[in-house]
Amino acid sequence: MGMHMGGPPGMRSFFRDSSVTKHKVVKGTGRRMMRFAAPYKRLLTVFLVMIVLDAFLGALNPLIFRSIINNGIIGKDSQLVVKLSLLVAVLAIVDTALSLAERWVSATVGEGLIFDMRSLVFRHVQRMPLAFFTRTQTGALVTRLNNDVLGAQQAFTDTLSNVVSNFISVVIVLGAMFFLSWQITLVALIMLPVFVLPARWVGRKLSSITREGYALNAEMNTTMTERFNVSGALLVKLFGRPDDEAATFEGRAGRVRDIGIMSAMYSRVFFASLMLTASLATAIVYGWGGVMAVNGELSVGTVVALTAYLTRLYGPLTALSNVNVDIMTALVSFERVFEVIDLAPMIDEKPDAVAIPRGVARVEFDHVDFGYPTADEVSLASLESVAVLDQAPSQQVLFDVDFVAEPGQLVALVGPSGAGKTTISQLVARLYDVRSGAVRINGVDVRDATLDSLRDTIGVVTQDAHLFHETIRSNLRYAKPDATDDEIHDALRGAQILPLVASLTDGLDTLVGDRGYRLSGGEKQRIAIARLLLKAPDVVVLDEATAHLDSESEAAVQKALETALAGRTSIVIAHRLSTVRNADQILVVDAGRIVQRGTHAELMDAGGVYRELYATQFERQEEVAGPAAAS
């Protein structure tokens, strides 16, 4: 879809979405944009000086050509011809050097701005709470870091250079042309609307086609992304629809092809029209100017100079006629970047935050109420690809949750699906903030703790441990970047997976694949436990870490967990109640409330929800074991 963007930079505004000019930019965006460029003000000043100088040099050549013809050739002064020709050559060398210097400054400023903005946005997004990522489209965030940042950068390179250069060129060229012949200059200007008006119509068509092309490309890319990752490829193969998928993809790719052809043709019409207008104007200058030269009203050199100036007039004038689109596009790009930066993270560190004391920890939930944040608290409509954010009020999901996990204790959370167990575990790590009450670790409210100390204190293993598409060593060092190979081997040994890693051809340098798909579920969990052991936290949170494993893998993971939990305060969400019978305290969660608490024996004696859950699981196991025994 980029083929129609290959023309002169100053003409790009005709291909951009002209509806951007109807957008009302947030007040102060321009000032913030200039502050963002402040570190580069000296380079930008040099850049502008070079642009102005380049424009002056470009305007000198036609006048030199005029003098060569009038004074040198017609005047039969060969020495003057040679001197002026050498001057043209010197100016050409200077102009080339100047253009290289311009490009270096432009690239330095542009790439510097891209780096600054991308780094700022990436760091800011990293600080956003989990709720932000549960609502936001990943593609929309990537677009902010790529397309919008590039669009903002162009404000200080392409747009700035084009506006200044074109304006200076037009002023100089028009001044020179009026000096040479005001009559021919007026006729040349009258010709301009003949091109500009149709160009605007073609430009609107091009911007419409471009929008559709981007949307179709996005659909095609989404199809490829979803089908080419491991989960998508597995689904296609299991449901046996590769031919249907190929047909769907070909339909979308075919539409992209058709749009590309239309775009190429409209683009060619645009530039052909510009060339035709310039050619017609040239014909008029040569015709009228030639007649005036024959009659002695103009010199031959003046006619040639006027013709040369025409090529330097129409392009810049045409570009300036639509420069508002360029400026608004840049402002909107900056506005979209600022929109993300201005979204304050809900979970942030207080200025007077304190570090959580290290050592075997005491975890306390003090009458905690909680409801998930609303959309307008954590997200942006543009990042969710919706016109208006969901206005539904927050629903309370936890009610007066109150318990203490003493140092070294194992506290198990059990209950039906959707009861609030995972929510409780997420509050320990401060992935969300409580609405009322408090969560304390070693007496420090997690909202008053430094984020670094909170991360160091707490280690989490979820039921679907995520691994990056990197080596085993790299995934483990994510927990401890300076870990030695001996420390990594000790962690793998404790996680009951060292023999497997040692048996691999590349050992620790084995790539685990996208999301760790080259490993089995049990192997991924044990790698995750090894990562936890390297981190050596004081509090361990396990969110149904063995829920989806077969019996053999579960046994291996359970043995690894014994090492991970030894001597640490642990909060474990249990899928199989048989795995938490030895817990120091079992909390039964139902509908956001702790409805029972005690040891396994105490809860079995008390009856109620726990005994019903245990009996249901035991009966299910009996039903599964029965047919297997009979066979």
Side-chain angles (χ1 to χ4, degrees), residues 7-8 10-11 52-92 94-95 162 164-200 269-323:
M11 302 298 176
V52 173
L53 183 58
D54 194 25
F56 272 104
L57 288 178
L60 285 177
N61 276 339
L63 293 177
I64 297 174
F65 296 151
R66 174 176 178 262
S67 186
I68 288 175
I69 294 171
N70 289 344
N71 302 324
I73 297 174
I74 296 176
K76 300 185 183 300
D77 187 345
S78 59
Q79 287 188 342
L80 181 62
V81 171
V82 172
K83 289 178 182 178
L84 291 178
S85 298
L86 286 174
L87 179 59
V88 171
V90 170
L91 289 177
V94 172
D95 189 53
N162 288 333
V164 174
S165 176
N166 290 334
F167 179 77
I168 297 296
S169 294
V170 166
V171 170
I172 294 173
V173 168
L174 279 178
M177 288 182 71
F178 271 107
F179 170 75
L180 295 174
S181 173
W182 64 268
Q183 301 98 324
I184 291 178
T185 303
L186 286 178
V187 173
L189 289 175
I190 291 171
M191 286 287 295
L192 188 64
V194 175
F195 166 72
V196 170
L197 295 178
R200 286 185 177 277
V269 167
F270 181 92
F271 290 111
S273 300
L274 176 59
M275 296 306 296
L276 176 61
T277 306
S279 297
L280 292 174
T282 301
I284 291 174
V285 171
Y286 271 127
W288 190 6
V291 170
M292 292 177 73
V294 169
N295 294 332
E297 298 174 27
L298 277 182
S299 67
V300 175
T302 300
V303 175
V304 173
L306 284 168
T307 306
Y309 276 129
L310 277 179
T311 61
R312 300 172 182 272
L313 177 66
Y314 279 166
L317 266 179
T318 304
L320 286 173
S321 72
N322 219 37
V323 72

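This is a predicted model, so every value here is computed, not measured. Throughout, numbering of the chain's residues begins at 1 and tracks the sequence. Atom set for the values below is all heavy atoms of this structure, side chains included, hydrogens, waters and symmetry mates excluded.
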Supply the atom-to-atom distance L174 CG to S169 OG, rounded to the nearest 0.5 angstrom.
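Interatomic distance, L174 CG to S169 OG, rounded to 0.5 Å: 10.5 Å.
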Provide the full list of side-chain hydrogen bond (donor to acceptor under 3.5 Å, both in side chains) pairs with a residue in residues 178-194, sequence neighbours left out, each pair given once.
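The answer is S181-Q183.
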Going by side-chain hydrogen bond (donor to acceptor under 3.5 Å, both in side chains), name the pairs with one or both residues in residues 72-84, residues two or more places apart or in two chains.
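For residues 72-84, and leaving out neighbouring residues, there are no side-chain hydrogen bond (donor to acceptor under 3.5 Å, both in side chains) pairs at all.
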By side-chain contact (heavy atoms from CB on, under 4.5 Å) - contacts of [X] (at least two apart):
| X | answer |
| --- | --- |
| V304 | I69 |
| T282 | Y286, T307, L310 |
| V171 | F167 |
| L91 | L57, L60, N61, I64, L87 |

Derivation of the side chain to side chain contact (heavy atoms under 4.5 Å, CB included) call for L313 and L189
CA-CA 9 Å; L313 177 66; L189 289 175; 4.3 Å; yes
Answer yes or no: is there a side-chain heavy-atom contact under 4.5 Å between S85 and I68?
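Side chain of S85 against side chain of I68, heavy atoms only: contact under 4.5 Å found.
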Within-4.5 Å side-chain heavy-atom neighbours: L186 and F178
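L186 vs F178: side chains touch.
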Using the rule given for side chain to side chain contact (heavy atoms under 4.5 Å, CB included), can you reason through I184 versus L298, listing the C-alpha separation, both sets of side-chain angles and the distance that settles it, and then say yes or no?
CA-CA 11 Å; I184 291 178; L298 277 182; 3.8 Å; yes
Indicate the atoms forming the closest heavy-atom contact of [X] with [Y], along with that distance.
| X | Y | value |
| --- | --- | --- |
| L84 | S67 | CD1-OG, 3.5 Å |
| A59 | P62 | O-CD, 3.5 Å |
| V170 | P316 | CG2-CB, 3.6 Å |
| L80 | G72 | CD2-N, 3.9 Å |
| G301 | N70 | N-OD1, 2.8 Å |

When you look at L63 and Y309, which way does the side chain to side chain contact (heavy atoms under 4.5 Å, CB included) test go after all the steps?
CA-CA 9 Å; L63 293 177; Y309 276 129; 3.1 Å; yes
Tell me if a side-chain donor or acceptor on R312 pairs with a main-chain N or O of V173 at a distance below 3.5 Å.
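Looks like no, no N/O pair under 3.5 Å.
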Mind running side chain to side chain contact (heavy atoms under 4.5 Å, CB included) on M292 and T302 for me, showing each step along the way?
CA-CA 10 Å; M292 292 177 73; T302 300; over 6 Å; no
